[in-house]
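A quick write-up on the structure given underneath.
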Amino acid sequence: MKILVTGATGYIGGAVADALKRAGHQVLGLARSDDARNKLTARGIPAVAGDMADAKGLAALVKDLDAVVWTATANSEAVDAPAVAAVLDALQGTNKAFIYTSGVWVHGDTQGAVVTEDSPLAAAALVAWRPAVEQRALNTPGVRGVVIRPGIVYGRAVGIPSMLTASAKQDGAARFVGTGENHWPVVFVEDLADLYVRAVEKAPAGTVLVAVQGPAVKLKDIAQAASEGAGAGGKTVAWPLEEARKQFGAFADALALDQRFSAQKAQSLLGWTPKGPGIIDELRSGSYARG
């Protein structure tokens with residue numbers, strides 16, 4: 001398949017583009033700058049010039065494609081929603097695939113329950129706009145729309161968990177938001193990329209998939225592992241939510257969510273079987289570890 005990946009120089013998009021390429025697909029990456037173009041070219045991925053802020057220009061890029069995998073985000077409804085809508089309008093009636101990256105934060109706090117894709121949404125304020133974009137992706141006529149909701153992604157020493165490692169290296173203790181008693185649903189980046197390949201190739205139109213790896217993990221345990229891996233001896237410090245909000249705003253509330261999910265649908269529908277290391281091991285002795 002000829003597939004355009006938006007956000008192909010980013011964390012999730014980079015892993016997805018590489019996985020699609022390994023699976024034998026012809027992968028193109030969206031690039032809005034010379035720097036992005038050079039990064040893609042160095043990885044053997046042809047670059048297509050485009051910018052999320054230019055919705056009309058994006059729409060013109062998709063006519064010769066078999067699929068679009070959307071991992072880019074400006075974290076802004078004003079930018080993301082029109083860009084996605086323009087591409088979906090251009091794909092309407094073609095039966096081509098459009099894979100949209102959302103996230104588990106659209107479910108809000110799960111109140112200690114293990115929930116699924118079918119559970120009612122109560123989106124965190126940071127992503128309150130995302131459910132409407134999801135629906136556009138799922139319900140555009142004649143498009144094989146699929147939505148993936150990853151948990152907190154880890155691996156390759158980056159992503160949100162790297163914030164814990166960085167604070168441990170800088171301050172001698174991994175700093176986490178809230179009490180640390182909340183649970184993070186997580187997914188290893190390479191396993192997540194594998195799910196995208198399976199979704200592009202096989203997921204039926206209208207599919208929503210939660211992408212998490214095993215049971216959710218308590219945040220204070222994640223922070224302790226990050227501290228150990230960073231050479232801070234497991235020391236952690238709680239950052240009261242009210243204080244964290246002053247710096248992070250709604251992002252702080254998202255980090256403090258207590259969430260638990262089942263990925264049974266991805267496993268049964270697409271045969272997805274995560275194989276990567278758990279987040280504790282990855283932080284303690286894997287890509288995030290000092291040295």
Check whether S227 reaches the backbone of A223 with its side chain - one donor and one acceptor, N or O, closer than 3.5 Å. no
Determine the minimum heavy-atom distance between A23 and V197, stating which atoms define it. CB-CG1, 3.9 Å
Can you check whether G278's main-chain N or O pairs, donor with acceptor, with Q213's side chain at less than 3.5 Å? no
Kindly compute the distance separating CD (E181) from CG (D258), expressed to the nearest 0.5 Å. 9.5 Å
Side chain proximity check, T73 to T101, heavy atoms < 4.5 angstrom: no
Verify same cluster id: W184, Y11 (apolar side-chain graph, 4.5 Å): yes
In this structure, would M163 and W105 fall into the same cluster of hydrophobic residues linked by side-chain contacts under 4.5 Å? yes
Pair R149-L121, side-chain contact (heavy atoms from CB on, under 4.5 Å): steps then yes or no: CA-CA 12 Å; R149 295 175 184 155; L121 300 184; 3.8 Å; yes
In terms of hydrophobic clustering (I, L, V, M, F, W, Y; side-chain heavy atoms under 4.5 Å; direct or indirect links), are V115 and L209 co-clustered? yes
Would the distance check show the side chain of T236 and the main-chain N or O of A173 forming a donor-acceptor pair, the cut-off being under 3.5 Å? no
Residues, nucleotides or ligands: over 12 heavy atoms within 6.0 Å of K218 NZ: yes
Separation between CG (N75) and CZ (R130), nearest 0.5 Å, reads 6.5 Å
State, to 0.1 Å, how close A168 and A226 come at their nearest heavy-atom pair, and which atoms those are. CB-O, 4.4 Å
Count I, L, V, M, F, W, Y as connected when their side-chain heavy atoms are under 4.5 Å apart, and connections chain through other members. Are V153 and I280 then in the same cluster? yes
Can you tell me how far apart NZ (K220) and OG1 (T179) are? Round to the nearest 0.5 Å. 8.0 Å
For residues K265 and T207, determine if any side-chain heavy atom of one lies less than 4.5 Å from a side-chain heavy atom of the other. yes
What are the two closest non-hydrogen atoms of A49 and R37, and how far apart are they? CB-NH2, 3.6 Å
Is there a side-chain contact (heavy atoms from CB on, under 4.5 Å) between Y196 and I12 once you walk through the steps? CA-CA 10 Å; Y196 275 81; I12 294 175; 4.2 Å; yes
Check whether any side-chain heavy atom of D253 lies under 4.5 Å from a side-chain heavy atom of R245, and answer yes or no. yes
Between T116 and Q264, is the side-chain contact (heavy atoms from CB on, under 4.5 Å) condition met? List the steps. CA-CA 8 Å; T116 70; Q264 182 59 43; over 6 Å; no
Check I152 against P161 and note the closest heavy-atom contact, atom names and distance. CG2-CD, 4.0 Å
Please walk me through it: do D89 and R136 pass salt bridge (Lys or Arg N to Asp or Glu O under 4.0 Å)? CA-CA 10 Å; D89 285 346; R136 185 67 181 267; 2.7 Å; yes
Does any N or O in the side chain of D191 come within less than 3.5 Å of the main-chain N or O of A211, such that one atom is a donor and the other an acceptor? no
Under 3.5 Å donor-acceptor, D51 side chain and R32 backbone: no
Once you round to the nearest 0.5 Å, how far does CG of D194 lie from CG of L20? 10.0 Å
Check the pair V5 / I45 against side-chain contact (heavy atoms from CB on, under 4.5 Å), numbers first and verdict last. CA-CA 10 Å; V5 179; I45 297 173; over 6 Å; no
Correct closest heavy-atom pair for L255 and V177 would be CD1-CG2, 4.1 Å
In terms of hydrophobic clusters joined by side-chain contacts under 4.5 Å, are M1 and I148 together? yes
Salt-bridge contact R22-D18 (side-chain N to carboxylate O under 4.0 Å): no
Got a second to check how far K39's NZ is from T9's OG1, nearest 0.5 Å? 6.0 Å
With the side chain counted from C-beta on, respond yes when F251 and I160 share a heavy-atom pair under 4.5 Å apart, and no when they do not. yes
Exam field: side chain E117 to backbone V210, donor-acceptor pair closer than 3.5 Å: yes
Could you check if a side-chain atom of I222 sits within less than 4.5 angstrom of a side-chain atom of Y154, using non-hydrogen atoms only? no
Between S167 and R175, is there a donor-acceptor pair closer than 3.5 Å when you use the side chain of the first and the backbone of the second? yes
Can you find a pair of side-chain heavy atoms, one from L257 and one from D109, that are under 4.5 Å apart? yes
Without swapping roles, check the side chain of K96 against the backbone of K63 for a donor-acceptor pair under 3.5 Å. yes
Quick one: are P215 and R260 in side-chain contact, heavy atoms under 4.5 Å? no
What distance do F188 atom CZ and R156 atom CZ have between them, rounded to the nearest 0.5 Å? 8.5 Å
Determine whether a donor-acceptor pair (N or O, by modelled atom type, separation under 3.5 Å) exists between the side chain of R144 and the backbone of A203. yes
My understanding is that a hydrophobic cluster links ILVMFWY residues whose side chain heavy atoms are under 4.5 Å apart, including indirect links. Using that, what else belongs to the cluster containing L65? L4, L28, L30, V48, M52, L58, L61, V62, V68, W70, V79, V84, V87, L88, L91, F98, Y100, W129, V133, L138, V143, V147, V208
Tell me, do W272 and L192 make a side-chain contact under 4.5 Å, heavy atoms counted? no
Does R198 reach the main-chain N or O of L270 with its side chain, forming a donor-acceptor pair under 3.5 Å? yes
Please find the pair of heavy atoms, one from S102 and one from E134, that lie closest to each other, and give the distance. OG-OE2, 2.6 Å
Residues K235 and D171 bridged, charged N to O under 4.0 Å: no
Would you call K275-E190 a salt bridge at under 4.0 Å N-O? no
